[in-house]
Amino acid sequence: MYVARLTLRNFRNYRDLSLELSPGVNAFVGANGQGKTNLLEALHLLATGRSQRGARDPELILAGEDEMRVWARVERAQGPVEIDLQVGTVLGRRLQLNGLPQRRMADLVGRLAVVFFGPDDLQVLKGPPAGRRRFLDILLSQVSPAYLHHLQRYSRALAQRNRLLRQIQGGHAARDELEAWDIPLIESGAEITVRRFRALANLAPVAAEQHRRISGRVEDLEVSYAPALPGIESAAQAGPAEVAQLLQQELQRRRGEEVARAVTLVGPHRDDLALRIGGKDARAFASQGQQRTAVLALKLAELSYMRAVLDEPPVLLLDDVVSELDPDRRRHLLRAVDSGVQTLLTSTDPQDLAIRAWEPGHRLFEVRAGQVRERKE
Ligand SMILES: Nc1ncnc2c1ncn2[C@@H]1O[C@H](COP(=O)(O)OP(=O)(O)OP(=O)(O)O)[C@@H](O)[C@H]1O
């Protein structure tokens with residue numbers, strides 16, 4: 001798939017922009033703070049409903065305005081899709097697909113699929129588990145509406161349950177009220193767990209292979225799902241009903257502790273992704289260079305996983321990472337870019353894009369203060 005046209009109105013520092021994009025490589029160069037990342041953010045928003053920076057809706061609207069619009073025409077194997085998202089400070093979000101208003105925001109997901117790779121991703125290995133869970137959640141939500149449904153249901157149940165636990169602790173609610181929230185927590189928690197295990201079974205060998213190639217077969221990368229609850233792995237192989245049973249037992253067992261600590265202690269929001277490089281825990285031991293190689297391998301695995309599930313490549317968004325990689329790792333990344341994947345990449349330095357070495361048909365744009373101009377070489 002590829003984005004043929006992107007139109008922005010009052011989005012971040014763009015008042016009015018309409019861009020025609022190449023199905024191949026689109027490079028955006030410009031000094032810091034000119035609006036390069038904002039362009040990729042617009043596409044991330046259309047793909048996932050969320051900003052990759054976790055920005056809230058009002059922050060996305062041009063300062064002084066009260067409504068913004070992001071619109072894209074996406075060419076897909078089965079035909080074009082037009083996604084039109086409007087966000088207002090008063091009116092909230094409104095979504096149209098191919099000109100038809102949609103009632104549910106979740107309908108946005110699955111129209112455009114992206115793999116985003118930015119400087120923050122380089123920290124994902126050493127950072128807190130939430131970042132690694134988010135990696136899986138964003139990937140799976142984009143390829144599976146069922147996963148997104150369970151994730152939303154689970155998050156709601158978790159938030160409500162935590163609120164109730166605080167009320168119980170404060171003596172403002174009864175313990176048996178928890179049961180109503182246990183059901184969605186267990187059911188959707190089991191679905192999420194099983195689907196994460198299955199995805200990793202596919203992702204891990206690809207990440208390992210990419211890693212071998214990038215590191216020159218020096219070290220092995222092992223990626224696996226690391227559930228907080230022992231026994232979950234074999235239950236997940238049997239299916240969601242078996243996982244649900246384990247979660248339920250554990251919730252019963254730890255109810256007293258949950259009430260005492262006023263927080264939900266059981267479920268996939270406590271799980272992690274384990275990465276081992278050369279047999280050692282990457283979180284504790286990986287050097288800067290090893291982290292970069294591992295993250296790059298993971299991102300390339302994400303790309304090929306999505307490509308296989310969707311039966312067409314997603315759009316690759318590379319924010320300021322080309323310059324962060326040494327020539328060898330850059331070559332591996334750019335090889336993936338060359339293989340029929342629409343790519344939007346940003347850099348402050350046109351030299352480090354090595355743009356001339358790319359296939360014909362790439363486009364080079366200059367970004368300055370919310371204006372984008374195509375640069376002819
Ligand atoms: N809601 C908004 N209204 C107006 N301007 C905004 C808004 N949000 C962000 N900006 C402006 O957008 C610019 C930041 O753009 P962006 O993050 O895309 O930078 P960049 O070109 O990617 O820079 P860098 O190379 O530093 O990452 C800043 O000048 C910021 O003030």
Side-chain angles (χ1 to χ4, degrees), residues 3 5-21 25-72 84-94 112 114-124 127 131 134 138 292 295-296 299 315-325 330 333-334 337 342-355 362-375:
V3 179
R5 175 176 283 278
L6 174 66
T7 305
L8 307 177
R9 256 193 79 77
N10 295 341
F11 176 78
R12 292 280 196 188
N13 65 336
Y14 291 94
R15 184 161 298 279
D16 234 320
L17 176 78
S18 190
L19 264 186
E20 239 172 75
L21 297 169
V25 174
N26 299 271
F28 297 89
V29 294
N32 294 122
Q34 301 301 307
K36 303 183 299 295
T37 304
N38 295 345
L39 288 174
L40 307 193
E41 185 178 38
L43 291 180
H44 195 276
L45 182 69
L46 288 185
T48 66
R50 291 210 258 160
S51 148
Q52 78 283 357
R53 313 190 230 218
R56 289 171 308 116
D57 280 1
E59 298 164 42
L60 303 175
I61 304 172
L62 180 73
E65 297 295 333
D66 48 27
E67 194 167 64
M68 69 84 166
R69 187 171 183 184
V70 180
W71 183 94
D84 181 351
L85 179 65
Q86 294 181 61
V87 178
T89 46
V90 182
L91 291 167
R93 287 184 169 204
R94 275 165 300 155
L112 166 66
V114 297
V115 171
F116 188 96
F117 188 10
D120 289 349
D121 290 309
L122 294 170
Q123 264 85 59
V124 84
R134 198 178 313 122
I138 291 177
R292 272 161 209 223
V295 171
L296 180 56
K299 284 286 155 185
V315 174
L316 182 61
L317 307 175
L318 300 175
D319 190 24
D320 227 2
V321 284
V322 180
S323 57
E324 296 277 322
L325 301 171
R330 200 180 290 179
L333 182 60
L334 298 181
V337 165
Q342 186 186 36
T343 305
L344 278 76
L345 56 87
T346 73
S347 178
T348 47
D349 179 3
Q351 290 309 314
D352 69 37
L353 297 176
I355 188 122
H362 72 256
R363 295 177 95 149
L364 176 61
F365 299 93
E366 217 169 330
V367 182
R368 191 178 297 164
Q371 308 273 341
V372 180
R373 270 194 331 188
E374 186 157 9
R375 198 161 99 176

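Computed from a prediction, not measured in an experiment: that's the story for all the values here. We count ligands from 1, going down the list as the structure has it; atoms in each ligand are counted the same way. Computed over heavy atoms, backbone and side chain alike; hydrogens, waters and symmetry mates excluded.
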Give the atoms of ligand 1, by number and element, whose distance to some non-hydrogen atom of A63 is under 4.0 Å. 1 (N), 2 (C), 3 (N), 4 (C)
Ligand 1 atoms nearer than 4.0 angstrom to some heavy atom of Q34 are 19 (O), 20 (P), 21 (O)
At under 4.0 Å between heavy atoms, what of E59 touches ligand 1? The answer is backbone
Taking C-beta and beyond as the side chain, do H44 and T37 meet within less than 4.5 Å on heavy atoms? no
Any L43 side-chain heavy atom under 4.5 Å of F116 side chain: no
Is atom 23 (O) of ligand 1 near the protein, in the sense that some protein heavy atom lies at less than 4.0 Å from it? yes
Protein heavy atoms: any of them under 4.0 Å from atom 30 (C) of ligand 1? no
Return the residue, atom name and 0.1 Å-rounded distance of the protein heavy atom closest to [atom].
{"atom": "atom 5 (N) of ligand 1", "result": "N13 CB, 3.5 Å"}
{"atom": "atom 13 (C) of ligand 1", "result": "G33 O, 3.4 Å"}
{"atom": "atom 9 (C) of ligand 1", "result": "R12 CD, 3.7 Å"}
{"atom": "atom 27 (O) of ligand 1", "result": "T37 OG1, 3.5 Å"}
{"atom": "atom 26 (O) of ligand 1", "result": "N32 ND2, 3.0 Å"}
{"atom": "atom 18 (O) of ligand 1", "result": "N38 N, 2.7 Å"}

Given F117, which partner from the list D320, V295, V322 fulfils the side chain to side chain contact (heavy atoms under 4.5 Å, CB included) test? V295
Apply the side chain to side chain contact (heavy atoms under 4.5 Å, CB included) test between V29 and each candidate in L364, T348, T346, D349; give the one that qualifies. L364
Taking atom [atom1] of [X] as the centre, does the number of heavy atoms from other residues, nucleotides or ligands within less than 6.0 Å exceed 12?
{"X": "R368", "atom1": "CZ", "value": "no"}
{"X": "R134", "atom1": "CZ", "value": "no"}
{"X": "R94", "atom1": "CZ", "value": "yes"}

Under the 3.5 angstrom rule, does the side chain of [X] hit a backbone N or O of [Y] as a donor-acceptor pair?
{"X": "R12", "Y": "E41", "result": "no"}
{"X": "R9", "Y": "Y14", "result": "no"}
{"X": "N13", "Y": "Q34", "result": "yes"}
{"X": "R373", "Y": "E366", "result": "no"}

Any nitrogen or oxygen of T348, side chain or backbone, less than 3.5 Å from one on ligand 1? no
With nothing but distance in play, are any N or O atoms of L60 less than 3.5 Å from an N or O of ligand 1? no
If you measure from each heavy atom of [X] to ligand 1, is any distance below 4.0 Å?
{"X": "I61", "answer": "yes"}
{"X": "R53", "answer": "yes"}
{"X": "G30", "answer": "no"}
{"X": "T346", "answer": "no"}

